[in-house]
Amino acid sequence: MKIQSAKVIVTCPGRNFVTLKIVTDQGVYGIGDATLNGREKAVVAYLEDHVIPCLIGMDPRRIEDIWQYLYRGAYWRRGPVTMRAIAAVDMALWDIKGKMAGMPVYDLLGGKSRERVMVYGHANGSNIDETVDAVGHYIDMGYKAIRAQTGVPGIKDAYGVGRGKLYYEPADAALPSLTGWDTRKALNYVPRMFEKLRATYGFDHHLLHDGHHRYTPQEAANLGKMLEPYQLFWLEDCTPAENQEAFRLVRQHTVTPLAVGEIFNTIWDAKDLIQNQLIDYIRATVVGAGGLTHLRRIADLAALYQVRTGCHGATDLSPVTMGCALHFDTWVPNFGIQEYMRHTEETDAVFPHDYRFEDGHLIVGETAGHGVDIDEDLAAKYPYKPAYLPVARLEDGTMWNW
Ligand code: GCO
Ligand code: MG
């Protein structure tokens, strides 16, 4: 069996997605997601110019060997562009293997560990009252876990605040738009939101919050401590994690559970955090961290230290990644939660899939492979549109972490 051809499909049904399609000499094909929000074309070039020519003629059944070939063979290891390209190949090859075997990917991984996967949705508003209402809306839709973000008085366009009730799409401008940040204002405001949420809805639901890399370790520790009475499921990305040691300071001061890793590419980004039990949830996901082949290595390391998974699942991860993530989540023994931001109807139409939402959970499909396809004719109707994530500056103009 050989890989006969491969191509990259770029489509923008509301937002940009990069999809790799690998076709075998036996007519079976597989697809993988390679979307890197705001840097899509870099991955397109990486795949078209440097990966696809190597793949032609390879045996698609040798998933592990192809992974090693692309990782070691590049010499230049890791990084979001490389690892997303490898992830796309990996997803497509698991899809092909599943189709050949007549089995869903979760069965190839080792079978179901659970029937359904708890997800969390994104509630947001421009102030506390709006967010409290939005959380109520998610509770009404059946969610058991809800991430709450609020605009902060005096901060221009705080992270996580969308324009509609269901959708939040930060990559919204042809050049990065300018947002603001002020830690003092956020630290004064965010705990009050959780106070009001618990006073309004009680403690039956899981509540989550994303600090989006904005706080220093000391400020993050302070926030974690202030949030303790509200018993969060997790506080995410409370401080940047390039320096994994930084989490020791946060950890020493708060028992609020910590989650990190949506921007991680490999196990090396998470190794110290996991081995030193500095986090509770690892957020790496299929497209970000080199596909199913690598993500399961991260999850296995995490399991040794009772760290659970919490895969990134924002709208910039295509339904292909969501499908793969659900196979992974359904299998992985140390599952924690899955992020689930709904895609637009246009996106769902371009990527027909067999997973479904029910009662606050996503349920994986039974189709052989990963169960997500691409309608190429429809995809062609939505050409690429440049769209960037915003940047953030402090009030004095200093560049900050968006
Ligand atoms: C999350 C993330 C997203 C990212 C986005 C960037 O927790 O879902 O922080 O909102 O900002 O995926 O592309
Ligand atoms: Mg996040």
Side-chain angles (χ1 to χ4, degrees), residues 12 14-18 33-40 42-43 80-81 83-84 87 119-124 134 138 143 145-151 157-164 166-173 176-177 179 181 186 190 206-215 220 223 232-241 257-265 269-270 273 279-289 309-322 325 336-344 347 362 386-392 400-402:
C12 186
R15 67 156 3 276
N16 291 312
F17 293 111
V18 177
D33 178 22
T35 310
L36 178 57
N37 204 3
R39 296 291 186 273
E40 295 86 358
V43 193
V81 176
M83 297 311 290
R84 262 160 156 96
V119 298
Y120 71 91
H122 284 208
N124 59 75
Y138 274 85
Y143 282 82
I146 302 143
R147 185 186 97 154
Q149 304 292 138
T150 175
D157 298 330
Y159 163 78
V161 179
R163 295 197 178 88
L166 272 181
Y167 303 110
Y168 167 62
E169 194 54 82
D172 60 354
S177 51
T179 65
W181 180 250
V190 170
H206 297 299
L207 294 179
L208 301 82
H209 185 69
D210 192 345
H212 222 251
H213 325 270
R214 302 286 167 92
Y215 302 95
L223 178 61
L232 265 57
F233 185 93
W234 78 32
L235 172 61
E236 175 189 343
D237 287 339
C238 61
T239 196
L258 303 175
V260 111
E262 69 182 31
I263 65 170
F264 289 176
N265 314 130
D269 297 323
L273 287 169
I279 55 171
D280 301 279
Y281 296 93
I282 177 70
R283 301 256 305 131
T285 193
V286 189
V287 67
T309 65
C311 288
H312 186 206
T315 41
D316 47 298
L317 284 62
S318 93
V320 182
T321 287
M322 184 52 78
I337 200 167
Q338 169 69 49
E339 181 179 19
Y340 174 48
M341 280 176 81
R342 286 157 192 260
H343 289 110
T344 60
T347 297
L362 278 171
Y388 284 96
L389 290 169
V391 294
W400 202 244
N401 310 320
W402 174 74

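For reference, positions follow the sequence shown, starting with 1. Counting starts at 1 for both ligands and their atoms, in listed order.
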among protein heavy atoms, the one nearest atom 5 (C) of ligand 1 is D316 OD1, 3.5 Å

In this structure, atom 11 (O) of ligand 1 is nearest to the protein heavy atom H212 NE2, 2.8 Å

Close side-chain approach of [X] and [Y], heavy atoms under 4.5 Å:
X	Y	result
P170	W402	yes
C238	L223	no
M322	L362	yes

Within-cut-off N or O pair, Y168 and ligand 1, under 3.5 Å: no

Y120 versus ligand 1: do any nitrogen or oxygen atoms come within less than 3.5 Å of each other?
no

So if I count the atoms of ligand 1 from 1 in the order they appear, which ones are less than 4.0 Å from some heavy atom of [X]?
X	answer
E236	7 (O)
Y159	1 (C), 2 (C), 3 (C), 7 (O), 9 (O), 10 (O), 11 (O)
H312	1 (C), 2 (C), 3 (C), 8 (O), 12 (O)

Residues passing the ring pair (Phe, Tyr, Trp, His ring centres under 6.0 Å) test with H343, sequence neighbours excluded, are F17

Atom 13 (O) of ligand 1: of D210, T35, N37, the nearest heavy atom sits on N37

Ranking E262, R39, E339 by closest non-hydrogen atom to atom 9 (O) of ligand 1, top hit is E262

Main-chain N/O of H122 paired to R147 side chain as donor or acceptor, under 3.5 Å = no

Atoms of type N, O or S from protein under 2.8 Å of the Mg ion (ligand 2), total 3

TODO: Using the six-membered ring wherever Trp is involved, compare the ring planes of Y340 and Y143 and label them parallel, tilted or perpendicular (cut-offs 30° and 60°).
DONE: parallel

**Asked** Can you say whether the rings of W181 and Y215 are parallel (under 30°), tilted (30 to 60°) or perpendicular (over 60°)?
**Response** perpendicular

With H213 as partner, the option from V260, N401, T239 fulfilling side-chain contact (heavy atoms from CB on, under 4.5 Å) is N401

* Should V81 and R39 be marked as a side-chain contact (heavy atoms from CB on, under 4.5 Å) after you check the CA-CA gap, both sets of side-chain angles, and the distance that decides it? -> CA-CA 8 Å; V81 176; R39 296 291 186 273; 5.6 Å; no

Value for OG1 (T344) from CD (E169), rounded to nearest 0.5 Å, stands at 8.5 Å

Any heavy atom of W402 under 4.0 Å from ligand 1? The part involved is side chain

Nearest heavy-atom contact between V43 and A34 is CG1-O, 3.6 Å

